Amino acid sequence: MAQEAGAMAETGAKGVAPSVPVVRIAHLNEHVGQEVEIQGWLYNKRSSGKIRFLEVRDGTGIVQAVMVRSELPPEVFDLYDTVTQESSLTVQGWVRQESRAPGGYELGLTGLRLIQVAEPYPITPKEHGIEFLMDHRHLWLRSRRQQVIMRVRSEVVKAFRDWLDEHEFVLIDAPILTPNAVEGTTTLFETNYFDTKAYLSQSGQLYMEAAAMAFGKVYCFGPTFRAEKSKTRRHLTEFWMLEPEMAFADLDEDMRVQEELISYVVARVLERFGSLLRDVLERDTIPLENVKPPFPRLAYDDAIKMVQAAGEPLPWGEDLGAPHETLIAEHFDRPVFVHRYPVQAKAFYMKPDPERPEVALCADLLAPEGYGEITGGGQRIDDLQLLEERLQQNGLPKETYKWYLDLRRYGTVPHSGFGVGIERTVAWICGLPHVRETIPFPRLLNRLYP
RNA sequence: UCCUCGGUAGCUCAAUGGCAGAGCGCCCGGCUGUUAACCGGGUGGUUGCAGGUUCGAGUCCUGCCCGAGGAGCCA
């Protein structure tokens with residue numbers, strides 16, 4: 001059998017016999033004692049002379065294939081010298097349990113076919129700087145660590161959507177090209193739209209308000225763009241945001257939905273990726289176990305007192321800065337809502353508290369461990385006259401917001417919503433210091449490549 | 001945009017103003033259970049760019065470019 005597979009390895013012309021099934025590495029434990037084929041790439045290789053190890057990855061995991069000189073034809077054994085890091089290949093071999101092998105299983109190699117011998121690979125299994133890695137992001141994604149992060153991101157998105165779908169929210173896609181700003185404050189990417197100007201969306205929220213009046217409970221999920229020259233570990237110029245919006249929901253309901261949603265997502269990731277978080281990312285998952293409702297609710301007034309008590313001179317009326325958010329979050333063992341910010345610190349559409357018009361019915365959710373704001377939202381102004389006033393006060397053109405004002409003309413109701421930053425959520429769950437590793441191809445102030 | 005730090009071999013980094021080096025990668029050789037394997041040998045340089053000071057500049061000075069960390073803004 002080994003002879004036969006070896007001959008095929010040499011010619012490389014034909015596939016393996018039908019009796020050798022193609023298996024993905026994640027499923028090797030179901031094939032102990034069988035001969036299988038793995039299709040993948042060489043992750044690393046080691047040699048001890050007459051016994052040699054090929055570490056093969058296939059996107060689902062890594063397995064070492066063992067080459068023994070006395071058990072293989074020389075032309076197969078010598079392929080070890082030819083194969084380079086990240087060469088594409090197929091290997092055949094017998095699956096066996098082996099405590100000395102990483103992952104607990106290994107392949108007793110019987111055949112090896114090289115598809116392409118890779119040129120010298122830039123990312124060696126050693127340390128690299130962030131600029132080098134970012135320049136090679138298209139290759140960096142092959143590394144074990146990046147694979148775990150991307151799989152967590154995939155699971156986070158799936159979990160968010162599963163919860164919302166199960167709670168009768170309807171996915172309504174918001175446009176990317178828009179004629180107007182949402183917040184009216186942040187800098188937008190401008191582009192030509194035939195004879196006029198268009199802007200890349202910074203939020204789908206206004207459109208979700210329209211959709212909520214049609215469907216009751218809706219959400220959008222897509223990329224958003226901010227042309228701010230932010231240069232911090234929490235900012236990207238292109239990032240993905242989940243924005244639920246609910247008719248007939250007040251601020252309390254808004255916060256209740258958020259804590260249920262976030263708790264569900266964290267639990268899902270822990271359940272399916274807990275061991276990978278610990279083993280590959282070295283993430284201490286104990287703090288994540290605490291993420292269960294209810295989350296503490298802290299009024300802005302009390303948050304200010306907390307910050308001032310720590311010696312920070314922050315006057316009432318100012319928005320909280322990143323260090324302040326960290327300071328507040330340190331007082332709690334799970335995410336904390338800060339609600340009822342001063343109206344002047346928030347966007348024009350935030351509804352003032354009827355009992356205290358100087359504060360808005362809004363809330364930000366601050367993640368623990370210094371990760372800061374992961375959601376922001378609140379109750380929207382539902383009164384036509386007040387909304388018109390707020391537009392005017394913020395110097396926003398009434399014409400572009402005509403459709404938005406229509407929502408207050410035709411059957412207005414109290415409604416609330418929020419936005420969740422996917423990258424910040426993933427960074428927090430994975431315990432990463434910077435959001436740039438949580439998106440496949442990050443767009444930053446000085447990065448548009450690859 | 002502002003503040004701070006940095007830019008030396010393909011990569012990660014050393015080098016009192018005095019011969020530009022190490023580890024990894026790569027090439028050659030050795031090793032029958034390796035774990036970022038190990039051991040021996042070899043290869044590898046416009047010290048970010050432009051100017052200046054000096055007998056002499058990777059090192060000091062000026063300007064510019066690029067990057068990192070932080071601030072503001074926000075998710």
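Below, all heavy atoms of this structure are taken into account, side chains as well, without hydrogens, waters or symmetry copies. A note on names: the letters A, B, ... follow the listed sequences, proteins ahead of strands, and every chain is numbered from 1. In this text, all values refer to a predicted model and were calculated from it rather than measured experimentally.
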Q. When all nucleic acid strands are considered with a 4.0 Å heavy-atom cut-off, which category describes A:Leu236: base, sugar-phosphate, or nothing?
A. base
**Q.** Heavy-atom pair of closest approach, residues A:Ala212 and A:Val218
**A.** N-CG2, 3.8 Å
Q. A:Glu106 or A:Ser230: which one's nearest nucleotide on RNA chain B is closer to the 5' end?
A. A:Glu106
Q.
By nearest atom, which of the nucleotides B:C74, B:G70, B:U12 is closest to the A:Glu127 side chain?
A. B:U12
Q. What integer distance in Å separates A:His136:NE2 from B:U12:C1'?
A. 14 Å
Q: Tell me what A:Gly372 touches on the nucleic acid: a base, only sugar-phosphate, or nothing, going by heavy atoms under 4.0 Å.
A: nothing
Q.
Around atom CD of A:Glu282, are there more than 12 heavy atoms from other residues, nucleotides or ligands closer than 6.0 Å?
A. no
Q: Indicate, with a heavy-atom threshold strictly under 4.0 Å, whether A:Glu55 touches base, sugar-phosphate, or nothing.
A: nothing
Q.
Can you classify the ring geometry of A:Tyr401 versus A:Phe348 as parallel (below 30°), tilted (30 to 60°) or perpendicular (above 60°)?
A. perpendicular
Q. How close or far is atom P of B:C73 from atom CZ of A:Arg226, stated in whole angstroms?
A. 13 Å
All N/O pairs under 3.5 Å across the protein-nucleotides 66-68 of chain B interface:
from: B:G67; atom 1: OP1; to: A:Asn446; atom 2: O; distance (Å): 3.1
from: B:A68; atom 1: OP2; to: A:Lys231; atom 2: NZ; distance (Å): 3.4
from: B:A68; atom 1: N7; to: A:Lys231; atom 2: NZ; distance (Å): 3.4

Q. Reckon A:Pro102 touches a base, only the sugar-phosphate, or nothing at all at heavy-atom distances under 4.0 Å?
A. base
Q | Separation between the P atoms of B:A57 and B:G48, rounded to whole Å | A | 15 Å
Q. Base, sugar-phosphate alone, or nothing: which one does A:His235 contact when heavy atoms must sit under 4.0 Å apart?
A. base
Q: May I ask you to check whether A:Phe337 and A:Phe418 place their ring centers less than 6.0 Å from one another?
A: no
Q | Length of the line joining A:Lys229:NZ and B:G69:C1', which is rounded to integer Å | A | 19 Å
Q) According to the interplanar angle, ranging from 0 to 90°, do the rings of A:Trp163 and A:Phe169 count as parallel (below 30°), tilted (30 to 60°) or perpendicular (above 60°)? A) tilted
Q: Give me the ring orientation class for A:Trp240 and A:Phe221: parallel if the planes are under 30° apart, tilted from 30 to 60°, perpendicular past 60°.
A: tilted
Q. Contact class for A:Asp319 (heavy atom, under 4.0 Å): base, sugar-phosphate, or nothing?
A. sugar-phosphate
Q: Hey, could you give me the CE/NE2 distance between A:Met213 and A:His415, rounded to the nearest 0.5 Å?
A: 4.0 Å
Q: Using a 4.0 Å heavy-atom cut-off across all strands, classify A:Arg145 as base, sugar-phosphate, or nothing.
A: nothing
Q) Any sub-3.5 Å donor-acceptor pair from A:Tyr80's side-chain atoms to A:Ser47's backbone N or O? A) yes
Distances under 3.5 Å between protein N/O atoms and the N/O atoms of nucleotides 21-31 of chain B, please, pair by pair.
from: B:C31; atom 1: N3; to: A:Gly49; atom 2: N; distance (Å): 3.2
from: B:C31; atom 1: N4; to: A:Ser47; atom 2: OG; distance (Å): 3.4

Q: Using a cut-off of 6.0 Å, state whether more than 12 heavy atoms not belonging to A:Glu358 lie near its atom CD.
A: yes
Q. For A:Leu320 and B:A71, what is the distance between atoms CG and C1' respectively, to the nearest whole Å?
A. 15 Å
Q.
If I take atom CG in residue A:Leu445 and atom P in nucleotide B:G69, what distance separates them, rounded to the nearest angstrom?
A. 12 Å
Q. According to the Watson-Crick and G-U wobble definitions, with both distances under 3.5 Å, which nucleotide is paired to B:C31?
A. none
Q: Could you say whether the aromatic ring of A:Phe53 and the base of B:G33 stack, counting only centre distances under 5.5 Å and plane angles under 30°?
A: no
Q) With respect to A:Lys351, which candidate in A:Asp254, A:Asp382, A:Asp250 satisfies the salt bridge (Lys or Arg N to Asp or Glu O under 4.0 Å) definition? A) A:Asp382
Q: May I ask you to say what A:Ala322 touches in the nucleic acid, namely base, sugar-phosphate or nothing, with a heavy-atom cut-off under 4.0 Å?
A: sugar-phosphate
Q. Considering only the P atoms, how many Å lie between B:G6 and B:U59, rounded to the nearest integer?
A. 14 Å
Q | Contacts of type side chain to side chain donor-acceptor pair (under 3.5 Å), residue A:Lys45, not counting sequence neighbours | A | none
Q: In whole angstrom, give me the gap between the P atoms of B:G23 and B:C39.
A: 10 Å
Q: Map A:Gln64 and A:Phe132 onto RNA chain B by nearest heavy atom, then report which one ends up closer to the 5' terminus.
A: A:Phe132
Q. When rounded to the nearest Å, what value does the distance between C1' atoms of B:G52 and B:G44 take?
A. 32 Å
